[in-house]
There are 2 protein chains.
Amino acid sequence: MGRRAKIGTALKGLMNARGHHTWSLEELHSELGSVGVRADFSSVFRAMAKLEVDGHVRRVELDDARTHFEVTTEHHDHLRCATCGEVAAVPCGPMASAIEQLEILTGFDIADHRLVLTGTCLKCQQPAPQSEQRSGATAAGGSLVGGIA
Amino acid sequence: MGRRAKIGTALKGLMNARGHHTWSLEELHSELGSVGVRADFSSVFRAMAKLEVDGHVRRVELDDARTHFEVTTEHHDHLRCATCGEVAAVPCGPMASAIEQLEILTGFDIADHRLVLTGTCLKCQQPAPQSEQRSGATAAGGSLVGGIA
DNA sequence: TTTAATGCAAACTATTTGCATCACC
DNA sequence: GGTGATGCAAATAGTTTGCATTAAA
């Protein structure tokens, strides 16, 4: 088996340490650096590919043009704040009946779905009490939905 | 204004001639060719950018890694057959209550959503009567949903 | 003449791969 | 020694831009 799985391990640790969060390869790479693990970008890429195959992470398509990853949990959808960039996980339970209706309507046998919601999070709806703005998807957040992980 | 809007016009014609369909730049480029209009890829790119700004087309993010376009109609979501690649439009009405629930649940003010469904279309659910399989998103289809355009 | 459209080539971004090397069993 | 992990560099894929040219008002 693997004799030197340092990067993969570090990546898993990193991702698990942050609660729900989605990561681009670039974010993973640079965060890894700031945790003291130097690694080539391609190594991060390959480690993530492996983690994906092994089922530890899942590929997430936001509308970012780049691939994001998240730790594998039960299926859920994503809600992104257009202001601060925070990505929250939302349960997809509320979608169930909509999907059922769509199956009837279209005759498709729907196997999977991907929902990306865009909006404004609670914090950013405030008149900015102490300038809570950010621009990357670097929030520690995800706390909005407790029943997910 | 434009003095020579040939490509843009041809593109609009092409897209309108096909009912609902989503197009990648590559598809647009090659289809344009087979309709007899030679154009550089970058010209197609720019023409589409213009059509988008002018509101004639809309950018669609499937999970394809490439950008797709569709003629602007009322907001709807997309359902892709995993077998034949056909992309159908589905009304997003059934989503309304789900989104409402999610707003309450998360506190987000949801402004927009994007839903991509994956499944098997009616044709491909059959035992393949006369081998109806394709692999690109080249269906003339979209007829499944009448109330869309 | 002025302006937008076009073609060609090249830059860019993000991802992916080839290959030699390295660490660990 | 053998196998997988890693780093470095380069290839890809898709998109986008710079620039000179062309066509129409």
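Lettering of chains follows the sequences in order, A, B, ..., and the numbering in each one begins at 1. The figures here come from the full heavy-atom set of this structure, side chains too, leaving out hydrogens, waters and symmetry mates. As the structure is a prediction and not an experimental result, all values here were calculated from the model.
- When the P atom of D:dA5 is taken as reference, atom CG of A:L32 falls 16 Å away, rounded to whole Å.
- Around CD of B:E100, the count of heavy atoms belonging to other residues, nucleotides or ligands within 6.0 Å does not exceed 12.
- Note on A:E52 versus A:R58: no salt bridge recorded, every NZ/NE/NH1/NH2 to OD/OE distance being 4.0 Å or above.
- Distance, A:R59 CZ to C:dA14 P: 15 Å, rounded to whole Å.
- In this model, no side-chain donor or acceptor of A:R66 finds a partner on the base of D:dG14 within 3.5 Å.
- Between A:H75 and A:H113, the distance from one ring center to the other falls under 6.0 angstrom.
- The interatomic distance linking B:I7 (CD1) with C:dC8 (C1') rounds to 13 Å, in whole Å.
- Relative ring orientation between B:H29 and B:F41 is described as perpendicular, the plane-to-plane angle rising above 60° on a 0-90° scale split at 30° and 60°.
- Here the P atom of nucleotide C:dA14 and the CZ atom of A:F41 are 9 Å apart, to the nearest Å.
- Protein atom CZ of B:R46 is 12 Å distant from nucleotide atom P of C:dC8, rounded to whole Å.
- C:dT17 atom P lies 13 Å from atom CG of A:L25, rounded to whole Å.
- Among the nucleotides C:dG7, D:dT15, D:dA9, the one closest to the side chain of A:S42 is D:dA9.
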